[in-house]
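Count residues from 1 along the sequence. Keep in mind it's a predicted model, so treat the numbers as computed, not measured.
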Amino acid sequence: QVQIVESGGGSAEAGGSLKLSCKPSGLTFDPFAMAWFRQAPGKEREGISCISWSGSSSHYSDSVRGRFTISRDYGLNTLYLQMNNLEPEDTAMYYCAADVDPRNNEYCSFSSGEYDYWGKGTQVTVLS
């Protein structure tokens, strides 16, 4: 059974930092790409960062580029999202997702339909 568990959410002041972690278990498929999505109240879910199976390809949405950094530790089988210079607009539920059938080892996307497994989310609240 595949489970994806996010952690690291919480509250931070504007301009502060948080680091999210995501640990998938039960994933026997490889390669798999991974991504972070977020959804704020009253808004659609948006993809904000993804990383390929190889780790050599990563992408960011315009809203977080330059402030957030995605990485994955293969030894610990963990995905991270380092969030710096947080803004009140970053307040949302953050979700981690895995795509177990990416086009190739260098591929990842922000298309939620391509992701097969999702975590339950971790809340991030940025105080102004």
Review point. With a 4.5 Å limit on heavy-atom distance, are the side chains of Tyr60 and Ile48 in contact?
Key: no

Practice item. Say whether Leu20 and Tyr117 are linked into one hydrophobic cluster, either directly or through other cluster members, by side-chain heavy-atom distances under 4.5 angstrom. Key: yes

Exercise for review: Without swapping roles, check the side chain of Thr122 against the backbone of Gly9 for a donor-acceptor pair under 3.5 Å.
Suggested key: yes

Review point. Is there side-chain contact between Asn77 and Pro24, with at least one heavy-atom pair below 4.5 Å?
Key: yes

Practice item. Taking salt bridge (charged side-chain N to carboxylate O under 4.0 Å, His left out) as the test, write out the residues that go with Arg38, two or more places apart. Key: Glu46, Asp90

Review point. In terms of side-chain geometry, is the basic nitrogen of Lys23 or Glu6 positioned less than 4.0 Å from the acidic oxygen of its partner?
Key: no

Exercise for review: Rounded to the nearest 0.5 Å, what's the gap from OG on Ser109 to CG on Asp99? Could you check?
Suggested key: 6.5 Å

Exercise for review: Kindly give the heavy-atom pair with the smallest separation between Cys96 and Ile4, and that separation in Å.
Suggested key: SG-CG2, 3.8 Å

Check your understanding: Ignoring hydrogens and geometry, is there a side-chain-to-backbone donor-acceptor pair from Asp116 to Val100 under 3.5 Å?
Key -> yes

Review point. Under a 4.5 Å cut-off applied to non-hydrogen side-chain atoms, are Pro102 and Pro31 in contact?
Key: yes

Practice item. Would you check if the side chain of Tyr115 reaches a backbone N or O of Ala33 as a donor-acceptor pair within less than 3.5 Å? Key: no

Exercise for review: May I ask you to decide if Ala35's main-chain N or O and Tyr95's side chain share a donor-acceptor pair within less than 3.5 Å?
Suggested key: no

Review point. Any sub-3.5 Å donor-acceptor pair from Ser21's side-chain atoms to Ser7's backbone N or O?
Key: no

**Study point:** Non-neighbouring partners of Asn84 that pass side chain to side chain contact (heavy atoms under 4.5 Å, CB included), sequence neighbours left out
**Key:** Ser17, Gln82

Check your understanding: If you group Ile, Leu, Val, Met, Phe, Trp and Tyr by side-chain heavy-atom gaps below 4.5 Å, do Val126 and Val64 land in one group?
Key -> yes

Check your understanding: Roughly how far, to the nearest 0.5 Å, is the OG atom of Ser128 from the CG atom of Leu86?
Key -> 12.5 Å

Review point. So, is the end of the Arg72 side chain (NZ or CZ) under 6.0 Å from the ring centre of Phe32 and within 45° of the ring's axis?
Key: yes

Study note, to complete from the structure: One should read off an interatomic distance between Leu79 CG and Cys22 SG, to the nearest 0.5 angstrom, of 5.0 Å

Review point. Going through the distances and angles, do Leu81 and Thr69 end up as a side-chain contact (heavy atoms from CB on, under 4.5 Å)?
Key: CA-CA 6 Å; Leu81 186 69; Thr69 303; over 6 Å; no

Review point. Distance from Glu44 atom CD to Gln39 atom CD, nearest 0.5 Å?
Key: 8.5 Å

Revision key, fill the gap. Applying salt bridge (charged side-chain N to carboxylate O under 4.0 Å, His left out) to Asp101 and not counting sequence neighbours gives none

Exercise for review: To the nearest 0.5 Å, tell me how far Thr78 OG1 sits from Met34 CE.
Suggested key: 9.0 Å

Check your understanding: Honestly curious: do Trp53 and Leu27 fall in one hydrophobic cluster under the side-chain, below-4.5 Å linking rule?
Key -> yes

Exercise for review: List for me each residue that meets side chain to side chain donor-acceptor pair (under 3.5 Å) alongside Ser52, sequence neighbours excluded, and say none if there are none.
Suggested key: Ser54

Review point. What's the verdict on side-chain contact (heavy atoms from CB on, under 4.5 Å) for Ser57 and Tyr107, showing C-alpha distance, side-chain angles and the deciding distance?
Key: CA-CA 7 Å; Ser57 179; Tyr107 178 82; over 6 Å; no

Exercise for review: With sequence neighbours excluded, tell me which residues meet side chain to side chain donor-acceptor pair (under 3.5 Å) with Arg65.
Suggested key: Asp62

Review point. Should the ring pair Tyr94 and Phe68 be called parallel, tilted or perpendicular, given that the plane angle runs from 0 to 90° and is split at 30 and 60?
Key: tilted

Check your understanding: Between the side chain of Ser49 and the main-chain N/O of His59, is any donor-acceptor distance below 3.5 Å?
Key -> yes

**Study point:** Check against side-chain contact (heavy atoms from CB on, under 4.5 Å), Phe110 and Cys50
**Key:** CA-CA 7 Å; Phe110 290 155; Cys50 69; 3.9 Å; yes

Review point. Is a donor on one side and an acceptor on the other found under 3.5 Å between the side chain of Thr91 and the backbone of Glu89?
Key: no

Point to revise | Residue list, side chain to side chain contact (heavy atoms under 4.5 Å, CB included) with Gln3, at least two apart or on another chain | key: Ser25

Point to revise | Phe37 and Trp118 aromatic ring geometry - parallel, tilted or perpendicular at 30°/60° bounds | key: tilted

